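As the structure is a prediction and not an experimental result, all values here were calculated from the model.
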Amino acid sequence: MQNIDSLSKQFSIPGHIDFIEGTDGLIVARINNELASAEIALQGAHLYSWKPREEVPVIWLSQDARFERNKAIRGGIPVCWPWFGFHEVDLRKPAHGFVRTCLWTVSGTEALEDGRTSIRFTLTSNENTIAIWPHKFRLTYTITVGTKLDLQLITENTGNLPFKISEALHTYFAIGDVSELEIHGLAGYTYADKSDDMTLKMEPGPVLIRNEVDHIYLDTEGMCRIEDQRQQRGINISTQGSHTTVVWNPWIEKSEKMGDMGENGYRTMVCVESANALNNKVTVNPGHHHELMARYEVTGLQCEL
Ligand code: BG6
């Protein structure tokens, strides 16, 4: 198993990346380059902070986030795989799949010529994963940190039979205040409303958050955009290999039940998740792979709210 000494010897790069012990002994990859900083727990390959220089944090982390073994961190970018949401037939299996709490292996780091830093994680099927999900796979997840944040999740089928997955890069974005937020790029799409019994609805315009929102937009293409009036900034979200977009804010009652959202935490976060779910599930044939990519970029405001 990788420890801080072995990781430091093999993968630290001065001026770019080192490895530290985080809360509760979780090992953390810490990136600090001329363009940005980021922290990623090896458990879940879970990025929980990203801040381009001169910016306030872009990624939300709950004040009450718990960093515990085998528990998903509330905030950051949980990787949901090989299913999104509850397991279709067995509710005892973990919500959002199992890889967000697995210990991933660091398999590479790189200082890029333009000043960015990338780190590559892998996770391969083993007897524990086969007991939960009976397929052979290899996941390769590359995070590249600069003024933009690039995420690339590659699913390889290393077994002999096709398998079907749903997945999400379940990103919690930090926003000024939920009352001064619009999400653009989803108008005209059909969504399954998870907080209304999965009723299918059509989004008439920009998404506003005035109560619990748990929308799964289907067949999405192209870019969407967070307009954050309070912080006077926008965040562009562009994707490849993703055909579902999830927008989620638990609002007051659900946050209270969750217990780790922090006081009024729901006001300063919104999840916009680049996913493949419901009728956008992906089949991966033996020897083949599938790529899911997302890129986040902070910009000025483009729309007057
Ligand atoms: C969202 C789902 O993606 O994740 C919500 O659409 C869910 O229904 C939320 O509540 C958080 O899930 P979890 O398992 O991290 O509490």
Taking the side chain as every heavy atom from C-beta outward, state whether [X] and [Y] have any atom pair closer than 4.5 Å.
X    : Y    : value
T299 : I235 : no
T220 : Y189 : yes
R233 : I226 : no
L47  : L149 : yes
Q229 : Q232 : yes
Q240 : E291 : no
I40  : W50  : no
R138 : T155 : no

**Asked** Do any pairs count as a ring pair (Phe, Tyr, Trp, His ring centres under 6.0 Å) and have a residue in residues 272-298, sequence neighbours left out, and if so which ones?
**Response** F173-Y296
**Request:** May I have the step-by-step check of salt bridge (Lys or Arg N to Asp or Glu O under 4.0 Å) for E227 and R225, ending in yes or no?
**Result:** CA-CA 6 Å; E227 288 277 313; R225 182 175 164 74; 2.5 Å; yes
Ignoring hydrogens and angles, tell me if any N or O in the side chain of [X] forms a donor-acceptor pair with the backbone of [Y] under 3.5 Å.
X    : Y    : result
N157 : L161 : yes
T105 : S107 : no
D24  : L26  : no
S274 : T239 : no
D214 : K194 : no
Q231 : D228 : no
N249 : Y266 : yes
Q43  : N70  : yes

**Request:** Let me see the working for T144 and D150 under side-chain hydrogen bond (donor to acceptor under 3.5 Å, both in side chains), right down to the final yes or no.
**Result:** CA-CA 5 Å; T144 304; D150 284 285; 5.6 Å; no
Answer yes if [X] and [Y] sit in the same cluster of Ile, Leu, Val, Met, Phe, Trp and Tyr residues linked by side chain heavy atoms under 4.5 Å apart, and no otherwise.
X    : Y    : value
L61  : V145 : no
F11  : L112 : no
I165 : W104 : yes
L91  : L278 : no
V79  : V272 : yes

Step through the shown structure and confirm whether more than 12 heavy atoms of other residues, nucleotides or ligands are within 6.0 Å of [atom1] on [X].
X    : atom1 : value
E55  : CD    : yes
E221 : CD    : yes
K93  : NZ    : yes
E68  : CD    : yes
D90  : CG    : yes

**Prompt:** Quick one: side-chain hydrogen bond (donor to acceptor under 3.5 Å, both in side chains) pairs with a partner in residues 6-17, sequence neighbours left out?
**Reply:** N3-S6, H16-T117
Taking atom [atom1] of [X] and atom [atom2] of [Y], what is their separation to the nearest 0.5 Å?
X    : Y    : atom1 : atom2 : answer
H184 : I237 : NE2   : CD1   : 12.0 Å
L292 : L151 : CG    : CG    : 8.5 Å
H215 : T190 : NE2   : OG1   : 12.5 Å
N264 : I252 : CG    : CD1   : 8.0 Å
R267 : R230 : CZ    : CZ    : 8.0 Å
I154 : Y141 : CD1   : OH    : 12.5 Å

Evaluate the ring planes of [X] and [Y], with Trp represented by its six-membered ring, and classify them as parallel (under 30°), tilted (30 to 60°) or perpendicular (over 60°).
X    : Y    : answer
F98  : W81  : perpendicular
H96  : F84  : tilted
H170 : Y172 : parallel

**Asked** So, D177 versus S179: side-chain donor-acceptor pair below 3.5 Å or not?
**Response** yes
Acceptor/donor pairs from residues 201-213 side chains to any protein atom, 3.5 angstrom cut, sequence neighbours excluded:
from : atom 1 : to   : atom 2 : distance (Å)
K201 : NZ     : D193 : OD2    : 2.8
K201 : NZ     : D196 : OD2    : 2.8
E203 : OE1    : Y217 : OH     : 2.5

**Request:** Evaluate side chain to side chain contact (heavy atoms under 4.5 Å, CB included) for D64 paired with R74, printing each intermediate quantity in order.
**Result:** CA-CA 8 Å; D64 290 350; R74 180 65 63 197; over 6 Å; no
**Request:** State plainly whether the residues R116 and E110 are in salt-bridge range, i.e. N to O under 4.0 Å.
**Result:** no
Please report the shortest heavy-atom distance between [X] and [Y], naming the atom on each side.
X    : Y    : result
A111 : I13  : N-CD1, 3.7 Å
A168 : A275 : CB-CB, 3.7 Å
R100 : A95  : NH2-O, 3.2 Å
A29  : I17  : CB-CD1, 4.3 Å

**Message:** As a quick check of understanding, evaluate side chain to side chain contact (heavy atoms under 4.5 Å, CB included) for T268 and W60, giving each step before the final call.
**Reply:** CA-CA 8 Å; T268 56; W60 184 87; 3.0 Å; yes
Extract all donor-acceptor atom pairs below 3.5 Å that involve side chains of residues 128-137 and protein atoms in other chains or at least two apart in sequence.
from : atom 1 : to   : atom 2 : distance (Å)
T129 : OG1    : N126 : N      : 2.9
T129 : OG1    : N126 : O      : 3.0

**Prompt:** What residues, two or more places apart in sequence or in another chain, satisfy salt bridge (charged side-chain N to carboxylate O under 4.0 Å, His left out) together with D219?
**Reply:** none
**Message:** Please enumerate all residues that pass salt bridge (charged side-chain N to carboxylate O under 4.0 Å, His left out) together with K71, with sequence neighbours excluded.
**Reply:** D260
**Asked** Can E39 and K51 be said to form a salt bridge (Lys or Arg N to Asp or Glu O under 4.0 Å), step by step?
**Response** CA-CA 10 Å; E39 292 189 7; K51 193 177 113 35; over 6 Å; no
**F19/V106 under side chain to side chain contact (heavy atoms under 4.5 Å, CB included): CA gap, chis, key distance, verdict** = CA-CA 11 Å; F19 296 87; V106 177; 4.2 Å; yes
**Message:** Please determine whether side chain to side chain contact (heavy atoms under 4.5 Å, CB included) holds for the pair S166 and K281, giving the CA-CA distance in whole Å, both sets of side-chain angles, and the decisive distance to 0.1 Å.
**Reply:** CA-CA 5 Å; S166 54; K281 283 197 195 92; 4.0 Å; yes
